Structure formats: C-alpha cells, structure tokens
Chemist: 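Before I ask anything, here is the structure I am working with.
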Amino acid sequence: MQTPWIPFIPPSASTLSGQVDALYFYLSGVTVFFTLLIAGVLVFFVIKYRRRSPFEIPRPIAGSHKLETLWSVIPFVIAMSMFGWGAQLYFQMYRPPQNAVEVYVVGKQWMWKIQHSTGQREINELHVPVGRKIKLIMTAEDTIHDFFVPAFRMKADVLPGRYTTQWFEATTPGTYHLFCAEYCGMNHSGMIGSVIVMQPSEFDNWLSGNAAQQSPAVAGQQLFQSLGCVSCHGANGEGGRGPALVGLFGRQVFLTNGQTLTADEAYVRESIENPQAKIVSGFGPIMPTFQGQVTPEQLIQIMSFIKSLQTTTSGSAPSGAPSAAGPSPKAQVPTAATASSPANKQ
Ligand code: CUA
C-alpha cells in the first residue's frame, strides 16, 4: 500500500476511487478559489472604500444588469457542473455491472460475515482478486450497519430486512481497512476488518486452499426442500400450484392486481416473508409466511438457489450446485409469461 501524497487521504485502490477523488478535488478547488476571491475582494474593498471623513456621503449606486446576469449565470453553470458530474459518478457507483461476481455480506453486532458464491466463508475479511468486478449483496441480522472501505471510496448502509448492493473493482493488491460506519451499539468501533486484494492467481490459490463449504446455492436448495417450498414450486423451481422460479431473477412478473415488476432481491424476500403482498397473476393467495422461520443468511441461500435456476444450460451454473439436479429443459416451460396465462383465459 503506497502512501498517498496528501496526508490523511486514504489510498486509492479501485477503478472508481480516482474519479471520486477528482470530483472531490474539483469541489474543494472551487470552494478554495471562491473563498480566497471573496475574502480578498472583501479586504480590498474595505480599504478602498473606507470612510475618510465623518461627514462623507457615498456616491449613489445604480443597478447593473450586466453584473447581475453575470453573477447569476456563472454560479449556475458551476453548480450544474457539480450536479452533472456527481450524478454521472453516482449512477456509475450504484449500478452494478451485469458480469460482476456476487459476494454476500451479513452484518451483525459486531462482525461482518461474508460468503462467496463458491461457498467460502470469511469473518471480518474479504479476499478479492485484482481487476475483477465484485458486487456485494448486503443485509443485516439485527440493526443498521454500514460497509465502508475508504480505499475504494465505497460506503453503504446495511439494513435488516432489506438488501443493499455495492460494487467495486480493485486495482492495486494490498490490505485495506473495512469499517462499520453506522453506530450500531457498544462495540461498533470494533466492527472492523480488512479487504485483501490479491493477484488473480493468488486468489485462486486462496480459494482452493479454503475448503469450500457448501455453496449458498446448494444450502438454499436444501432449505427449499426442508421448508416444503418444493410442494408448490416444484423440486427444481419449475412451478406447480405456485409460480415457476426458473429464470425468475431479472424477469418481468405480472401480478394479480395488474401491476408488473422486475423480480429482484427485495421482491423475492418480500414474497418469502409476506407472500400475500404481491401475488403472481394466475395464482391464489395460498402461500404461508416464512417470516421468522428463516434467518437472513438462510434467506440469502434460498435467493442464491433461485438465482442459480437462472442458468438454463448446464455447466455454466456459478457454483455448479443444482446443475446435476438442475432444471430439465421441460421444467423451464412454465415461465412467468405462461404462468400468467390462466388468468388471461378467465
Ligand atoms: Cu456495525 Cu457499527
């Protein structure tokens, strides 16, 4: 980790951190420039236009449209440049790329639990390879935490009962601080860890050296069976009394109330914990709630299993998990579009 040239500034080690710094320097530069300009002009005018005798009466001042236009337009342009630049960077930071590797993060008092989609678990440590896009899917077990890696200029709240995501691509190998940046109780200040950025080959070594525990998708598949989801959604999510789950993520879902939504983590979580909230068109409100029956980690596992049903061709399943027992081509027939067709017939 090289020492940055400005004291106290964290090292810059992701593809976006340089851009965040550039924007920050621009904001600071504009602020410093105008502070000096205004202070300088203030002092200059105080001296130049000082009262010279107790009876002095200043010359009358007429308005100047030119001057007024100028001091409105210039700040407007500067403010909009800040907005435009900031918005562009914001969208870049908050829209994870499609091809990112997914890593699950669960915050709890007072530790970070991390699981890779290949099954490796870590506590207060996150190993990642350099030059690969990593997407964090984060939730909390108890209270609000905040996943903050200064070297990546990356910070987002981690909330119970909700999923937040962040992504980054590390550029420099090294060990970087990980902080919890939301006061979360007595040992909040101890809720720290490190992100270890490695060369891809080193990372592969690390992965193989860490006996992969069950991948989240496989654990999710087992939960899917033990919780009885299979009786309605089919053993491989092919559907039945309940909607098909194959290829669900990212797909359009048609609801009985006429609304359409795109299936994401939040929708799947809600459908597990509060199934009556959004019922897929063509199905009845027969699913019981699983609120309190699954932990946040188990929820992530089930979600990961449902995501793995995405891959229709065998071999490309991320964890290889349900590929053996994976959906047969036949099982994919009842997708949302077809599942909603019974409603259309009525
Ligand atoms: Cu977790 Cu502060």
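None of these values were measured; they are calculated from a predicted model.
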Chemist: May I ask you to check whether Gln252 and Thr262 show a side-chain donor-acceptor distance below 3.5 Å?
Modeler: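 Per modelled atom types, Gln252 and Thr262 side chains form a pair under 3.5 Å.
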
Chemist: When hydrophobic residues are tied together by side-chain contacts of less than 4.5 Å, even through go-betweens, does Trp71 share a cluster with Ile38?
Modeler: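 No; tracing contacts between hydrophobic side chains, which count when under 4.5 Å, never links both residues.
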
Chemist: For the side chain of Thr256 and the backbone of Ile279, is there at least one donor-acceptor N/O pair under 3.5 Å apart?
Modeler: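 Between the backbone of Ile279 and the side chain of Thr256 there is a qualifying donor-acceptor contact (under 3.5 Å).
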
Chemist: Answer yes if the side chains of Gln225 and Gln221 hold a donor-acceptor pair under 3.5 Å, and no otherwise.
Modeler: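 No, no side-chain donor-acceptor contact under 3.5 Å.
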
Chemist: Only one of Arg121, Glu102, Glu122, His127 passes side chain to side chain donor-acceptor pair (under 3.5 Å) with His116; say which it is.
Modeler: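 Between His116 and the candidates, side chain to side chain donor-acceptor pair (under 3.5 Å) is satisfied uniquely by Glu122.
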
Chemist: Which pair of heavy atoms, one from Thr171 and one from Ser14, lies closest together, and at what distance?
Modeler: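 Minimum heavy-atom separation between Thr171 and Ser14: OG1-N, 3.5 Å.
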
Chemist: Give, for atom CZ of Arg153 and atom OG of Ser17, the distance between the pair rounded to the nearest 0.5 Å.
Modeler: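 Interatomic distance, Arg153 CZ to Ser17 OG, rounded to 0.5 Å: 5.0 Å.
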
Chemist: For Phe224 and Gly234, work out which heavy atoms get closest and say how close.
Modeler: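 Nearest heavy atoms, Phe224 then Gly234: CE2-O, 3.3 Å.
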
Chemist: Any side-chain to backbone donor/acceptor pair from Arg251 onto Ala263? Under 3.5 Å, distance only.
Modeler: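 No.
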
Chemist: Between Gln19 and Leu16, is there a donor-acceptor pair closer than 3.5 Å when you use the side chain of the first and the backbone of the second?
Modeler: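 Between the backbone of Leu16 and the side chain of Gln19 there is no qualifying donor-acceptor contact (under 3.5 Å).
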
Chemist: Is Val73 reachable from Met82 through a run of hydrophobic residues whose side-chain heavy atoms are each under 4.5 Å from the next?
Modeler: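 Met82 and Val73: separate clusters.
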
Chemist: Taking the side chain as every heavy atom from C-beta outward, state whether Asn236 and Val246 have any pair of such atoms under 4.5 Å apart.
Modeler: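 Asn236 does not reach Val246 side chain to side chain.
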
Chemist: How about Val20 and Met93: do any of their side-chain heavy atoms sit closer than 4.5 Å?
Modeler: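 In short, these two side chains touch, coming nearer than 4.5 Å.
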
Chemist: In the structure I gave you, are the side-chain heavy atoms of Leu261 and Leu255 within less than 4.5 Å of one another anywhere?
Modeler: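 A side-chain contact under 4.5 Å exists here.
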
Chemist: Flag the pair Asp264 / Tyr163 as yes when at least one side-chain heavy-atom distance between them is below 4.5 Å, and no otherwise.
Modeler: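 A side-chain contact is absent here, since even the closest heavy-atom pair is not under 4.5 Å.
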
Chemist: Atom CG of Leu223 and atom CD1 of Ile302: how far apart are they, to the nearest 0.5 Å?
Modeler: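 Between atom CG of Leu223 and atom CD1 of Ile302 there are 5.0 Å.
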
Chemist: Under a 3.5 Å distance rule, please check whether His233 uses its side chain to pair with a backbone N or O of Pro243 as donor and acceptor.
Modeler: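 Yes, His233 side chain to Pro243 backbone: donor-acceptor pair under 3.5 Å.
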
Chemist: Anything under 3.5 Å between a donor and an acceptor, one on a side chain of residues 103-110, the other on a protein residue two or more places apart or in another chain? List them.
Modeler:
unit_1 : atom_1 : unit_2 : atom_2 : d
Gln109 : NE2    : Cys184 : O      : 2.8
Trp110 : NE1    : Cys184 : O      : 3.2

Chemist: Is atom OH of Tyr94 surrounded by more than 12 heavy atoms (other residues, nucleotides or ligands) closer than 6.0 Å?
Modeler: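 Enclosed: over 12 neighbouring heavy atoms sit under 6.0 Å from OH of Tyr94.
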
Chemist: Take the angle between the ring planes of Phe147 and Trp112 and call it parallel below 30°, perpendicular above 60°, tilted in between.
Modeler: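 The arrangement is perpendicular - the two ring planes meet at more than 60°.
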
Chemist: Could you state the interatomic distance from SG (Cys180) to CG (Asn187), rounded to the nearest 0.5 Å?
Modeler: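 So the gap between those two atoms works out to 11.0 Å.
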
Chemist: Between the side chains of Thr118 and Gln120, does any donor sit under 3.5 Å from an acceptor?
Modeler: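 A pair is found: one side chain offers a donor N or O, the other an acceptor, under 3.5 Å apart.
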
Chemist: Are the charged groups of Lys307 and Glu265 less than 4.0 angstrom apart, N to O?
Modeler: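 Counted as a salt bridge, because a side-chain N and a carboxylate O are separated by less than 4.0 Å.
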
Chemist: Check the orientation of Phe152 and Phe168. Use parallel for under 30°, tilted for 30 to 60°, and perpendicular for over 60°.
Modeler: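 Parallel: the ring planes of Phe152 and Phe168 meet at under 30°.
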
Chemist: Treat each ILVMFWY residue as a node, draw an edge where side-chain heavy atoms are under 4.5 Å apart, and state whether Leu23 and Phe25 are in one component.
Modeler: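 No, separate clusters.
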
Chemist: How many angstroms lie between NZ in Lys278 and OG in Ser281, if you round to the nearest 0.5 Å?
Modeler: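 Between Lys278 NZ and Ser281 OG, I get 15.5 Å after rounding to 0.5 Å.
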
Chemist: Could you see if Leu37 belongs to whatever hydrophobic cluster contains Ile74? Use Ile, Leu, Val, Met, Phe, Trp, Tyr and a side-chain cutoff under 4.5 Å.
Modeler: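 Yes; tracing contacts between hydrophobic side chains, which count when under 4.5 Å, links both residues.
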
Chemist: Do Asp21 and Ser12 have side chains that approach each other closer than 4.5 Å (heavy atoms only, starting at C-beta)?
Modeler: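 Side-chain contact under 4.5 Å: yes.
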
Chemist: Quick one: does Phe148's side chain get under 4.5 Å of Glu182's, heavy atoms only?
Modeler: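 SC-SC contact between Phe148 and Glu182 ruled out.
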
Chemist: Between Lys133 and Pro96, is any pair of side-chain heavy atoms under 4.5 Å apart?
Modeler: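 No, too far: nothing below the 4.5 Å cut-off.
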
Chemist: Tell me if the CD atom of Glu68 is crowded by more than 12 foreign heavy atoms within 6.0 Å.
Modeler: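 Atom CD in Glu68 is crowded, with more than 12 foreign heavy atoms closer than 6.0 Å.
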
Chemist: Which one of Met198, Glu169, Glu202, Gln199 satisfies the side-chain contact (heavy atoms from CB on, under 4.5 Å) criterion with Val130?
Modeler: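 When Met198, Glu169, Glu202, Gln199 are each tested with Val130, the side-chain contact (heavy atoms from CB on, under 4.5 Å) holds only for Gln199.
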
Chemist: Out of curiosity, does Ile9 fall in the hydrophobic cluster containing Leu89 (side-chain heavy atoms, cut-off under 4.5 Å, transitive links)?
Modeler: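 No, it is not one cluster - the side chains of Leu89 and Ile9 are not joined through contacts under 4.5 Å.
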
Chemist: Below 4.5 Å, heavy atoms only, C-beta onward: do Val268 and Leu299 meet side chain to side chain?
Modeler: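 No - every pair of side-chain heavy atoms lies 4.5 Å or more apart.
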
Chemist: Hey, is the main chain of Asp157 close enough, under 3.5 Å, to the side chain of Thr164 for a donor-acceptor pair?
Modeler: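 At least one qualifying donor-acceptor pair exists.
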
Chemist: Can any side-chain N or O of Arg50 pair as donor or acceptor with the backbone N or O of Ile47 at less than 3.5 Å?
Modeler: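 Confirmed, Arg50 side chain pairs with Ile47 backbone.
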
